[in-house]
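The next block holds one structure in the form of structure tokens; read it before the comments.
What you see is a predicted model, and the numbers here were worked out from it, not measured in a lab. Order of listing sets the numbers, starting from 1, for every ligand and every atom in it.
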Amino acid sequence: MPTGKLQVIPLGGLGEFGMNCMAIRWADDIIVIDAGLMFPESELLGVDIVVPDISYLIENRQRVKGIILTHGHEDHIGGLPWILSELNVPVWGTVFTLALLEDKLDEHGLLDAADLREMHADERFKVGPFTIHPIQVTHSLVDCVALAIHTPLGVLIHTGDFKVDPTPTDNKLFDLHAFAEYGKQGVLALFQDSTNVERKGYTPSERAVRRKFDEVFAHTKKRLFVSCFSSSIHRIKLAVEMAWEHGRKIAFVGRSMNNASEIAEDLGYIEIPDGVLIHPGEIKNFPAEKVCVMISGTQGEPMSALSRAAVDTHKHAKIEKGDTVMLSSRIIPGNEKAIYRVVDHLFRREAHVIYDDGSSPPVHVSGHASQEELRLIINLVKPKFFIPVHGEYRQLKLHAELAGAMHGSVGKVMLIESGDVLEFDEKGARKAGRVNVGRVCIDSGSRTDVVEDLVIKDRRHLSEDGIVLPIIAINKLTGRVESTPEIVTRGFSGGEDGFMSGARQIVMETLELSSNEEKTDYGVIKEKIRTDLKRYISKETQKRPLIMPVILEI
Ligand SMILES: [Zn+2]
Ligand SMILES: [Zn+2]
């Protein structure tokens, strides 16, 4: 065995949900697995996305040989626009993953400069001293891989996100053989997805939702709206098939839904028979019972197509009495309020709403492995060291306990978190120090809008640009605005005399252009006011104060 130290350094995703990113270092060479983002919680006002702090990679700029992607979910690729603008290194991904990434980089004007390299399951390639072997796995997305990384000290296996789906809708099977083969040869360490470690048994196949879809498509008399994550290609494929079988036209509403379905169609993952696809503008031309609308916004995002349709402000997607809305997705913890708010509006429109309420057959299945699947992979791989990844601390801990109880299959379990340096050498493995990690908040998705830590961001905002509080009194029952909006500022001055009345005018206009339903939906109305006011203030003053709309309920 060569002497030297192999280091594995998670830069995000261990001890927190999202922004998965892990550096692997041998001597002067570093590769990075995934570069994801985290969607900010609602308390991170004014922040659009959160990405990992990559100062470790910046400090070692010359050593970073490339980034290798396991799959195309945002928590694995969403940080790339920002990271590549800081550190332009080659990026390897499967065809579908790169297609999603190209779209994203294009949006940020970074596509031409990016060095993207295709990789294919079961085709090995070298990056520095490492040989990478992508292994086909199944997940809620298509074209996902685990990575076997051959290092001078032995093989590391990183599962990426996965579940063991024996019947994936694209028939691309989980390559259990490759895992078993590595198990026979000996694996230094296994890094496994912890997301669903709290669930017993097995996660159902993507095909399990087919029964529910069939039932709903068969029984829906009027318009049918189906919402799922835009990246749920299996689900979109199923909806297209069902629409075809049940004689409905299909329309995609929402930008992310359109992009994802276009990419999936281009790459042959979904096939839309001629004459089935219609433009959103054509929905009104067909009888209600002949239309299925795929609409984005399962998490109650205030500006999403579904949220807007729910309060009847979407141009094309009109939801009427007797229509059915099916939410084929899970409720991400933290989003309950926003989601039920949308569901409430839908009930108010007298739509029939189907969402994941635990009933069977399921309207949604998870994309992550449950306990028995986690055990299965551990048994096949029999790693010397086992390291849980992708999860909050309790999930990592539970996963460590699950693996630790599998005597004979696992040598030693190592519990590490983002920033820990896990070091391997001929003597074994240990935690060896820490590197700087953290969250970088980005405004408006633009790389020039990078701000530091949330706290620092708030402080900076407050000290340099101050705070603006538009205060609006709304009658909870009628949605009426009860008085002229007040605007209170601290540490911020608009300068000219006309500024404040202009700002009040902006808020008034936003309110006037909003329906009563929007006005009683504080999440929506606050976001609209914040967006409009932000635009006005930055145009008038070139400043970016913290804007916190306050609604006084009367
Ligand atoms: Zn993930
Ligand atoms: Zn994923």
**Study point:** Stepwise salt bridge (charged side-chain N to carboxylate O under 4.0 Å, His left out) check, Arg211 with Glu215
**Key:** CA-CA 6 Å; Arg211 265 177 62 205; Glu215 204 175 88; 5.9 Å; no
Exercise for review: Have a look at Leu105 and tell me which of Leu111, Val91, Asp112, Leu100 forms a side-chain contact (heavy atoms from CB on, under 4.5 Å) with it.
Suggested key: Leu111
Exercise for review: In sequence, state the C-alpha distance, the side-chain angles, and the governing distance for Glu107 and Lys104, and then conclude on salt bridge (charged side-chain N to carboxylate O under 4.0 Å, His left out).
Suggested key: CA-CA 5 Å; Glu107 230 174 82; Lys104 186 177 287 299; over 6 Å; no
Check your understanding: Under 2.8 Å from the Zn ion (ligand 1), how many protein N, O or S atoms can be found?
Key -> 3
Review point. Side chain to side chain contact (heavy atoms under 4.5 Å, CB included) between Thr70 and Asp161: does it pass, once the steps are laid out?
Key: CA-CA 8 Å; Thr70 59; Asp161 282 353; 5.9 Å; no
Point to revise | Mutual orientation of the aromatic rings belonging to His76 and His71 [parallel < 30°, tilted 30-60°, perpendicular > 60°] | key: tilted
Review point. Hey, is the Zn ion (ligand 2) within less than 2.8 Å of some N/O/S atom on Cys144?
Key: no
Point to revise | Any side-chain donor near an acceptor of the partner, Thr203 and Ser370, under 3.5 Å | key: yes
